[in-house]
Visitor: 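The structure follows.
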Amino acid sequence: MTTTDLPGDRPFVLLATRAEDRPADEEYELFLRFTGLPPERLRRIRLERDPLPALDLDEVSGILVGGSPFNASDPPERKSAVQRRVEAEMAALVDDVVARDLPFLGACYGVGTLGTHLGAPIDGTFAEPISVVDVTLTEAGRADPLAAGLPSTFSAFVGHKEAISALPPEAVLLGSSPTCPVQMFRLGSHVYATQFHPELDVDGIVTRIHAYSEYGYFAPDELDLTLAAVRRAPVTEPSRMLRTFVERYAR
């Protein structure tokens with residue numbers, strides 16, 4: 001199916017929170033490439049820059065959430081005013097999304113937003129350095145439409161300081177890695193989150209490594225090691241999920 005074959009004309013919405021223009025713009029370009037959407041059908045909203053506008057959820061096909069330098073588990077006094085605003089806006093939106101079972105796919109930061117909604121413990125127990133890990137689908141994951149065409153184990157890019165340490169029973173675990181038990185889960189039938197980054201390729205993660213080199217994801221003298229870590233294995237499968245999401249939910 002090509003973009004011109006997609007049903008309907010309602011856009012998807014990409015919620016972004018990266019303040020640095022280069023990784024922010026590259027993230028948008030990667031979502032465009034891997035979803036196959038034209039720009040007029042993927043509306044980007046940069047929440048770190050502007051308040052979340054009113055969204056008529058009846059007029060969108062679905063919502064995508066990119067990664068973020070924000071950590072949901074940081075104590076309130078360490079959060080900037082922008083982060084606190086974004087979290088409040090996202091919380092209200094996610095409450096509505098979950099109530100409607102609206103198509104939603106949150107990459108990395110989506111785990112924090114959906115995990116907060118669930119009241120799940122989010123902490124540094126299962127943090128993963130910027131690297132490539134092997135994600136294995138659960139039985140439910142292998143049967144899930146969003147994972148159609150994916151092998152039962154695939155390589156994916158990760159890099160996060162926090163993760164869900166215990167998934168509540170109302171969520172369905174879809175994928176795990178050896179160092180992070182909750183890599184992918186679903187709420188209801190259409191609300192998804194991944195701890196890994198389905199939107200990234202090697203060039204994209206290299207951009208982020210350089211952009212966030214002083215954000216504490218790795219020590220200052222580990223830049224070369226981190227760059228080598230993301231090149232240790234080819235990552236070709238996770239991006240298929242984005243196209244599958246769009247083909248399934250475009251309307």
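On a predicted model such as this, the values are computed, not experimentally measured, just so you know. Values below: all heavy atoms of this structure, side chains included; hydrogens, waters and symmetry mates excluded.
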Visitor: Got a donor-acceptor contact below 3.5 angstrom from the Asp101 side chain to the Gly188 backbone?
Guide: no

Visitor: Can you find a pair of side-chain heavy atoms, one from Leu47 and one from Glu89, that are under 4.5 Å apart?
Guide: yes

Visitor: Determine whether a donor-acceptor pair (N or O, by modelled atom type, separation under 3.5 Å) exists between the side chain of Gln195 and the backbone of Met184.
Guide: no

Visitor: Angle class for the Phe245/Tyr249 ring planes (parallel below 30°, perpendicular above 60°, tilted otherwise)?
Guide: perpendicular

Visitor: Under 3.5 Å, is there a donor-acceptor pair between the side chain of Glu162 and the main chain of Asp74?
Guide: no

Visitor: Under the side-chain contact (heavy atoms from CB on, under 4.5 Å) rule, what do Phe104 and Thr113 come out as? Steps first, then yes or no, please.
Guide: CA-CA 11 Å; Phe104 177 100; Thr113 57; 4.2 Å; yes

Visitor: To the closest 0.5 Å, what do you measure between CG (Leu114) and CG (Leu187)?
Guide: 5.5 Å

Visitor: Working to the nearest 0.5 Å, report the span between CD of Glu26 and CZ of Arg18.
Guide: 10.0 Å

Visitor: Which heavy atom of Ser177 sits nearest a heavy atom of Val133, and at what distance?
Guide: CB-CG2, 4.1 Å

Visitor: Look at the side chain of Arg142 and the backbone N and O of Leu137, then say whether any donor-acceptor pair between them is shorter than 3.5 Å.
Guide: yes

Visitor: Is a side-chain donor or acceptor of Glu222 paired with a backbone partner of Ala219 at a separation under 3.5 angstrom?
Guide: yes

Visitor: Which pair of non-hydrogen atoms, one from Ile164 and one from Gly115, has the smallest distance, and what is that distance?
Guide: CD1-CA, 3.9 Å

Visitor: Please answer whether the main-chain N or O of Pro129 pairs with a side-chain N or O of Ser131 as donor and acceptor at a distance below 3.5 Å.
Guide: yes

Visitor: Can Lys79 be said to sit on top of Phe70's aromatic six-ring, NZ or CZ under 6.0 Å from centre and within 45° of the ring axis?
Guide: no

Visitor: For Ser152, check side-chain hydrogen bond (donor to acceptor under 3.5 Å, both in side chains) against everything at least two apart and list the hits.
Guide: none

Visitor: If you look at every heavy atom in Gly149 and Arg240, which pair is closest and at what distance?
Guide: O-NH1, 3.0 Å

Visitor: Starting at CG of Leu146, measure out to OG of Ser189 and round the result to the nearest 0.5 Å.
Guide: 12.5 Å

Visitor: Going through the checks in order, is the salt bridge (charged side-chain N to carboxylate O under 4.0 Å, His left out) test met by Glu27 and Arg44?
Guide: CA-CA 10 Å; Glu27 178 181 72; Arg44 178 175 61 159; over 6 Å; no

Visitor: Do Tyr212 and Ile130 have side chains that approach each other closer than 4.5 Å (heavy atoms only, starting at C-beta)?
Guide: no

Visitor: Side-chain contact test, heavy atoms from C-beta onward, threshold under 4.5 Å: evaluate it for Leu200 versus Val235 and give yes or no.
Guide: no

Visitor: Is there a side-chain contact between Val86 and Glu48 in this structure, where contact means two heavy atoms from C-beta onward sitting under 4.5 Å apart?
Guide: no

Visitor: Quick check: are there more than 12 heavy atoms from other residues, nucleotides or ligands sitting under 6.0 Å from CD of Glu139?
Guide: no

Visitor: Would you please test Arg46 and Tyr28 for side chain to side chain donor-acceptor pair (under 3.5 Å) and show each step?
Guide: CA-CA 10 Å; Arg46 291 186 63 171; Tyr28 182 50; over 6 Å; no

Visitor: Using only atom types and a distance under 3.5 Å, with no angle test, would you say the side chain of Glu237 pairs donor to acceptor with the backbone of Phe154?
Guide: no

Visitor: Count the heavy atoms belonging to other residues, nucleotides or ligands that lie under 6.0 Å from CD of Glu40, then report whether that count exceeds 12.
Guide: yes

Visitor: Would you find a donor on one side and an acceptor on the other, under 3.5 Å apart, between the side chain of Asp123 and the backbone of Thr125?
Guide: yes

Visitor: For atom CZ of Arg251, is the number of surrounding heavy atoms from other residues, nucleotides or ligands below 6.0 Å larger than 12?
Guide: yes

Visitor: Just jot down the side-chain hydrogen bond (donor to acceptor under 3.5 Å, both in side chains) partners of Thr244, sequence neighbours excluded, or say none.
Guide: none

Visitor: Among the clusters formed by ILVMFWY side chains lying less than 4.5 Å apart, do Leu173 and Ile122 turn up in the same one?
Guide: yes

Visitor: State whether Arg33 and Asp201 are salt-bridged, where the test is any N-O pair (Lys NZ or Arg NE/NH1/NH2 against Asp/Glu carboxylate O) under 4.0 Å.
Guide: yes

Visitor: Given 3.5 Å as the limit, does a donor-acceptor pair link the side chain of Arg248 with the main chain of Pro145, or not?
Guide: no

Visitor: Do Phe31 and Leu64 have side chains that approach each other closer than 4.5 Å (heavy atoms only, starting at C-beta)?
Guide: yes

Visitor: Taking side-chain contact (heavy atoms from CB on, under 4.5 Å) as the test, write out the residues that go with Arg231, two or more places apart.
Guide: Val202, Val206, Leu227

Visitor: Hey, any chance Val135 and Phe185 share a hydrophobic cluster, counting ILVMFWY side chains that come within less than 4.5 Å of each other, even indirectly?
Guide: no

Visitor: Is it true that Arg100 and Asp58 make a salt bridge, defined as a side-chain N closer than 4.0 Å to a carboxylate O?
Guide: yes

Visitor: To check you understand the geometry: which heavy-atom pair defines the closest contact between Leu223 and Ile209, and what is its length?
Guide: CD1-CG2, 3.5 Å

Visitor: Less than 4.0 Å between a side-chain N and a carboxylate O, is that true for Glu199 and Arg208?
Guide: yes

Visitor: What is the minimum heavy-atom distance between Phe126 and His160, and which atoms define it?
Guide: O-CE1, 3.2 Å

Visitor: Show your working on side-chain contact (heavy atoms from CB on, under 4.5 Å) between Phe12 and Ile63 and close with a plain yes or no.
Guide: CA-CA 6 Å; Phe12 289 81; Ile63 293 176; over 6 Å; no

Visitor: Do Tyr215 and Val230 share a hydrophobic cluster, counting only Ile, Leu, Val, Met, Phe, Trp and Tyr and linking them when any side-chain heavy atoms are less than 4.5 Å apart?
Guide: yes

Visitor: Is Arg41 reaching over with its side chain to a backbone N or O of Arg10, donor-acceptor style, under 3.5 angstrom?
Guide: yes

Visitor: Quick one: does Leu93's side chain get under 4.5 Å of Leu57's, heavy atoms only?
Guide: yes

Visitor: Please give me the minimum heavy-atom distance between Pro198 and Leu242, naming the atom from each residue.
Guide: O-CD1, 3.9 Å

Visitor: The test is side chain to side chain donor-acceptor pair (under 3.5 Å); show your working for Ser155 and Asp134 and say whether it passes.
Guide: CA-CA 5 Å; Ser155 297; Asp134 291 331; 3.3 Å; yes

Visitor: Take Val65 and Leu105, measure what side-chain contact (heavy atoms from CB on, under 4.5 Å) needs, and give me the verdict at the end.
Guide: CA-CA 6 Å; Val65 177; Leu105 175 56; over 6 Å; no

Visitor: Are Val13 and Leu30 connected into the same hydrophobic cluster when the rule is that any two of I, L, V, M, F, W, Y join if their side-chain heavy atoms are below 4.5 Å apart?
Guide: no

Visitor: Are Leu14 and Leu52 linked, directly or through other ILVMFWY residues, by side chains that come within less than 4.5 angstrom of each other?
Guide: no

Visitor: Please step through side-chain contact (heavy atoms from CB on, under 4.5 Å) for the pair Gln183 and Thr136, ending with a clear verdict.
Guide: CA-CA 9 Å; Gln183 282 286 354; Thr136 298; over 6 Å; no

Visitor: Any side-chain heavy atom of Val98 within less than 4.5 Å of one from His117?
Guide: yes

Visitor: Flag the pair Phe196 / Met241 as yes when at least one side-chain heavy-atom distance between them is below 4.5 Å, and no otherwise.
Guide: yes

Visitor: Drop me the distance from Leu167's CG to Ser176's OG, to the nearest 0.5 angstrom.
Guide: 9.0 Å

